[in-house]
Amino acid sequence: MLSRLGLVDVARRLVHPWAPTGGYLDAVPRRIAAFRGSAPVLPALIGYRVIDSAAVRKLSDHLSIVLPLDPARP
């Protein structure tokens, strides 16, 4: 449905290797969290990073994702 609406999986668009964003509490890594972007924002994406640290794991059962953007990119 999201794809039909024009939203693109940012990690796949940037050819980021698969990385779990959750599931570490029950030892079954899963990619639960994801970002979707529309055509106007995709050119501004310059990176994708999953933050996996002890501090993040203490805060949530989901890992953080950072999406650096460069609004000057066409």
Side-chain angles (χ1 to χ4, degrees):
M1 170 84 104
L2 296 174
S3 296
R4 284 187 286 170
L5 293 172
L7 297 175
V8 175
D9 183 334
V10 170
R12 288 188 178 161
R13 170 56 75 97
L14 295 174
V15 193
H16 187 275
W18 187 90
T21 57
Y24 57 86
L25 294 178
D26 59 4
V28 181
R30 296 185 279 285
R31 186 171 173 248
I32 297 170
F35 277 96
R36 306 268 176 187
S38 59
V41 80
L42 294 176
L45 294 167
I46 58 173
Y48 178 99
R49 185 169 45 122
V50 176
I51 307 298
D52 187 355
S53 69
V56 171
R57 287 180 179 222
K58 285 173 77 173
L59 294 171
S60 176
D61 61 343
H62 290 248
L63 300 177
S64 299
I65 299 172
V66 175
L67 291 177
L69 300 170
D70 180 355
R73 288 178 66 172

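- A 4.5 Å side-chain heavy-atom check between Leu69 and Leu45 finds at least one atom pair inside the cut-off.
- Within 6.0 Å of CZ in Arg49 there are 12 or fewer heavy atoms belonging to other residues, nucleotides or ligands.
- For the pair Leu63 and Ile51, the tightest heavy-atom approach, listed with the atom from each and the gap, is CB-O, 3.6 Å.
- With hydrogens and angles ignored, the 3.5 Å screen pairs a side-chain donor or acceptor of Arg73 with a backbone N or O of Pro43.
- Heavy-atom minimum distance, Pro20 versus Pro29: CB-CB, 3.7 Å.
- By the side-chain contact (heavy atoms from CB on, under 4.5 Å) test, Pro17 is found to be paired with no residue, residues two or more places apart in sequence or in another chain being considered.
- A 6.0 Å sphere centred on CZ of Arg57 holds more than 12 heavy atoms belonging to other residues, nucleotides or ligands.
- For the atom pair NE2 (His16) and CG (Leu67), the distance works out to 10.0 Å, reported to the nearest 0.5 Å.
- Residues Leu2 and Val10 do not share a hydrophobic cluster, clusters being chains of Ile/Leu/Val/Met/Phe/Trp/Tyr side chains in contact below 4.5 Å.
- Leu42 and Leu14 fall within the same hydrophobic cluster, where Ile, Leu, Val, Met, Phe, Trp and Tyr residues are linked whenever their side-chain heavy atoms come under 4.5 Å apart, directly or through other members.
- Under the 4.5 Å side-chain heavy-atom criterion for grouping Ile, Leu, Val, Met, Phe, Trp and Tyr, Val8 is connected to Phe35 within one hydrophobic cluster.
- Under the 3.5 Å distance criterion, the side-chain polar atoms of Thr21 are matched with a main-chain donor or acceptor of Ile32.
- Counting heavy atoms from C-beta outward, Val56 and His62 have side chains that stay 4.5 Å or more apart.
- Counting heavy atoms from C-beta outward, Arg36 and Asp9 have side chains that approach closer than 4.5 Å.
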